[in-house]
Each structure stands twice: as C-alpha cells, then as structure tokens.
Amino acid sequence: MDVIIWHRVKPRLHITIGDAIDKVFLFLIILSVFWIILRIVDFIAYVLKMRATITQNKTDDQLIPFLKELTKTLVCFMGFFVLLGFVFEINVLTLITGLGIGGIAIALAAKESLENLLGSFTIFLDKPFTVGDVVKVDGIEGTIQKVGFRSTWLISPDKTTIVIPNRAMIDGVLENVTMREFRRVNFFIGLTYETGSLAVKAILKEINDCLSADSNIRDGYATFDHFADSSLQVQVVYLVVSMPYSQFVALKEGVNFKLVEIVEKHGSAFAYPVQRSIADHPVRDEQKKEA
C-alpha cells in the first residue's frame, strides 16, 4: 500500500527589478505630493499671517501659527499611512486595530503630549493672553512670542527664549502684566528725627501736590506712617497708568528726584542708622570734686 505524503510548500515572494523600480517611483511620487501640500500650507499660513499683522486683533496672530503646525502634523500622519498602504501594501485599518497593548503603551507615552495639546486648546478658548503680551508664570516673566502645538515660547527681558509646556501655562499661576491698567509703586522714605513737625507737614503736602500734578499718576499720596529706630517713616504710594516699561522706569526716577529736592528744600535729610555711645569717666569726676 502506497502512502502519499503531501508537503505544504510556502509560496515564495518574487520581486522583480521592475516591481522594485515601480515601488521606488510610487514612493517618490507620494512623497512629492505631500511635500507640495506642506509647502502650500506654509504659503497659506504666510499670507494669513501678513493679513493678521494689519488687524488690531492679536488673537489671529496667535491662532495662525498653531493651526499651521496642527495642519502640517495631520498631513504628515496622512502621508505616512498612505505610504504604508500603497507602497508597502499594508492594510492600515488592520494595523491600527491590531496594535492592542502596543497602542496602549504608545498612548501612555504620548500622555504629556496630549495634555499639552489640550492645554493649547484651553489657551485659545480661555484667552488668558495673546501674542505680544507680557506675562509672569510661576516667577518667570517674558513676552509671548508663539503658542505652539505643544509649548508656548516667551522672550525674557534679557532677550532669552523661554519654552514652557502649555500644561504648565494653564496649571501655573499666570499674571498678565499687559492687561493691568496701572502699576503700583509703594515705598518708604526715612526723615531724620531732627526734622520738626511743621517741616514734616510741609514735606507731606508738597509730595502730595507733586503726585496730584502728574497726569500719569493716579491715587497718589504720602503719609507719616510710623516711628522707626532712627527715622520718621513716610510712606509714598501711587499708581502709574499703563505704559512701556522704559517710560515707567523714567517716571519713577523723576518722582524720586523730586522727593530728594522736596526734602532738601525744607531743611531735612534722609535718615540712616546711627549709634551713639555714652561713657562715664569716674576719674574725671573725682578730679572735678578735688578742684
């Protein structure tokens, strides 16, 4: 009795040189198409950005770069899957559904990126700041340059670029310096104890008149606050209307010079800590008694 044994022969994948050349050409064609799409996105974003600079609204200046990055990211993902499907003949839907544990691992690895992406959407919806605003985030101060797909770019006062994740921008304590209408100035000056009460009253009156006369100052006042160890403490408080920082510093300097002139005008001076020592000399006291 003859026994017939069947051998299962695995089909061999035969790739000819012509097929390889076709794949290379198809790869280059798809790559070129998506490269052209990316360049078109750049061109459209550039045109919209130029138009946005003409308008007074700064929201579009902030939104256009973000949409540009988001669109280019989606185009790159689409190009990647198109290459897998047409060039390498991989079933993309099967690949996506078959990720399983690997997909969960990728999702966990991309957790922070997704949080930053959601943070960027929160920034655009809530609008705590726009491009060009000066903000402080957890002690870091800078001018908003760009709100990106993952992070926000700031320019510090010393012209250093600071990159902060969008999640930190919305979770941290954020202060928008540009949105405030006034800057508050509060400090003390110390007058010597040799200054008489009439002179102190005259100094306070002239300081108050000086603060009231400046159109850039609101709610300014000077009061005799308390007695210190070596000086009479005068508190000076005023609000400065919103202006560029360089002008704000110049205004403060002018007020300080005016205070110096007022104090000197009324014969007073600025106090500083002084120690006086009183020593007894018993030998000299005995000599005085004998004389």
Side-chain angles (χ1 to χ4, degrees), residues 55-59 61-62 126-145 154-160 162 172-276:
T55 61
Q56 298 294 331
N57 189 5
K58 293 183 179 180
T59 304
D61 296 336
Q62 178 175 327
D126 198 26
K127 295 180 181 179
F129 54 81
T130 57
V131 174
D133 288 353
V134 179
V135 299
K136 290 182 179 178
V137 185
D138 293 335
I140 301 175
E141 181 178 357
T143 304
I144 299 295
Q145 184 185 29
L154 285 75
I155 302 297
S156 66
D158 57 354
K159 305 305 178 183
T160 301
I162 303 174
V173 179
L174 188 144
E175 176 186 357
N176 193 322
V177 179
T178 303
M179 292 181 65
R180 65 185 181 188
E181 297 180 357
F182 300 96
R183 292 175 183 263
R184 187 171 185 266
V185 180
N186 180 16
F187 60 92
F188 288 88
I189 60 175
L191 304 178
T192 59
Y193 269 102
E194 288 76 14
T195 307
S197 60
L198 295 178
V200 173
K201 292 180 180 179
I203 291 173
L204 294 177
K205 182 179 183 304
E206 192 162 348
I207 293 176
N208 287 319
D209 293 340
C210 174
L211 297 177
S212 301
D214 197 323
S215 60
N216 292 319
I217 294 178
R218 301 285 189 276
D219 300 334
Y221 63 88
T223 57
F224 178 25
D225 190 76
H226 65 278
F227 296 92
D229 293 336
S230 57
S231 63
L232 306 174
Q233 290 291 302
V234 174
Q235 184 182 22
V236 180
V237 181
Y238 58 90
L239 300 176
V240 181
V241 296
S242 181
M243 61 177 59
Y245 187 74
S246 57
Q247 298 180 16
F248 170 70
V249 173
L251 187 144
K252 283 180 58 179
E253 182 183 43
V255 172
N256 292 339
F257 277 122
K258 190 65 178 178
L259 294 180
V260 174
E261 295 174 1
I262 293 173
V263 172
E264 293 178 349
K265 174 183 176 181
H266 292 278
S268 182
F270 294 99
Y272 53 88
V274 177
Q275 292 183 352
R276 295 181 180 179

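Along the sequence shown, residues are numbered consecutively beginning with 1. Values reported hereafter were calculated over all heavy atoms of this structure, with side chains retained and with hydrogens, waters and symmetry mates removed.
Between Gln145 atom CD and Leu154 atom CG the span is 9.0 Å, to the nearest 0.5 Å. Put simply, CG on Asp225 and CG on Leu232 are 11.5 Å apart, with the number rounded to the nearest 0.5 Å. Here Tyr221 contributes atom OH and Ser212 contributes atom OG; the two are 13.0 Å apart, rounded to the nearest 0.5 Å. Here the CE atom belonging to Met243 is positioned 10.5 Å from the CZ atom belonging to Phe182, to the nearest 0.5 angstrom. Atom OG of Ser156 and atom CD of Glu141 lie 9.0 Å apart (nearest 0.5 Å). Expressed to the nearest 0.5 Å, how far CG of Asn208 lies from CD of Glu206 amounts to 10.5 Å.
Counting heavy atoms from C-beta outward, Leu191 and Ile203 have side chains that approach closer than 4.5 Å. Side-chain contact between Phe129 and Val137: absent, with no pair of heavy atoms (C-beta onward) separated by less than 4.5 Å. The side-chain heavy atoms of Thr195 and Val263, taken from C-beta on, include no pair separated by under 4.5 Å. In this structure, Phe270 and Ile189 have side chains that are in contact, with non-hydrogen atoms separated by less than 4.5 Å. Taking 4.5 Å as the limit, every side-chain heavy atom of Val255 sits out of range of all side-chain heavy atoms of Val185.
Taking each heavy atom of Ala199 and His266 in turn, the nearest pair found is CB-O, 4.1 Å. Summarising the geometry of Asn176 relative to Pro128, their closest heavy-atom pair is ND2-O, 2.9 Å, with the distance given to 0.1 Å. The shortest heavy-atom contact between Gly132 and Thr143 is O-CG2, 3.6 Å. The shortest heavy-atom contact between Thr192 and Ser268 is OG1-OG, 4.1 Å. Of all heavy-atom pairs between Cys210 and Lys258, the closest is SG-CG, 3.3 Å. A pairwise comparison of heavy atoms in Ser230 and Ala271 identifies O-CB, 3.3 Å as the closest pair.
Formation of a donor-acceptor pair under 3.5 Å by the Asn216 side chain with backbone atoms of Val241 is not found in this model. No donor-acceptor pair under 3.5 Å is formed between the side chain of Asp133 and the backbone N or O of Ile144. Distance alone, capped at 3.5 Å, places no donor-acceptor pair between the Asp219 side chain and the Tyr238 backbone.
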Candidate pair Gln233 and Ser231, rule side chain to side chain donor-acceptor pair (under 3.5 Å), full reasoning
CA-CA 6 Å; Gln233 290 291 302; Ser231 63; 2.6 Å; yes
Run the side-chain contact (heavy atoms from CB on, under 4.5 Å) test on Leu251 and Ile217 for me, step by step, so that the C-alpha distance in whole Å, both residues' side-chain angles and the decisive distance to 0.1 Å come before the verdict.
CA-CA 9 Å; Leu251 187 144; Ile217 294 178; 4.1 Å; yes
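Heavy atoms of other residues, nucleotides or ligands lying less than 6.0 angstrom from CG of Asn186 number more than 12.
The aromatic rings of Phe227 and Tyr193 sit parallel to each other, their planes meeting at less than 30°, with 60° as the upper class boundary.
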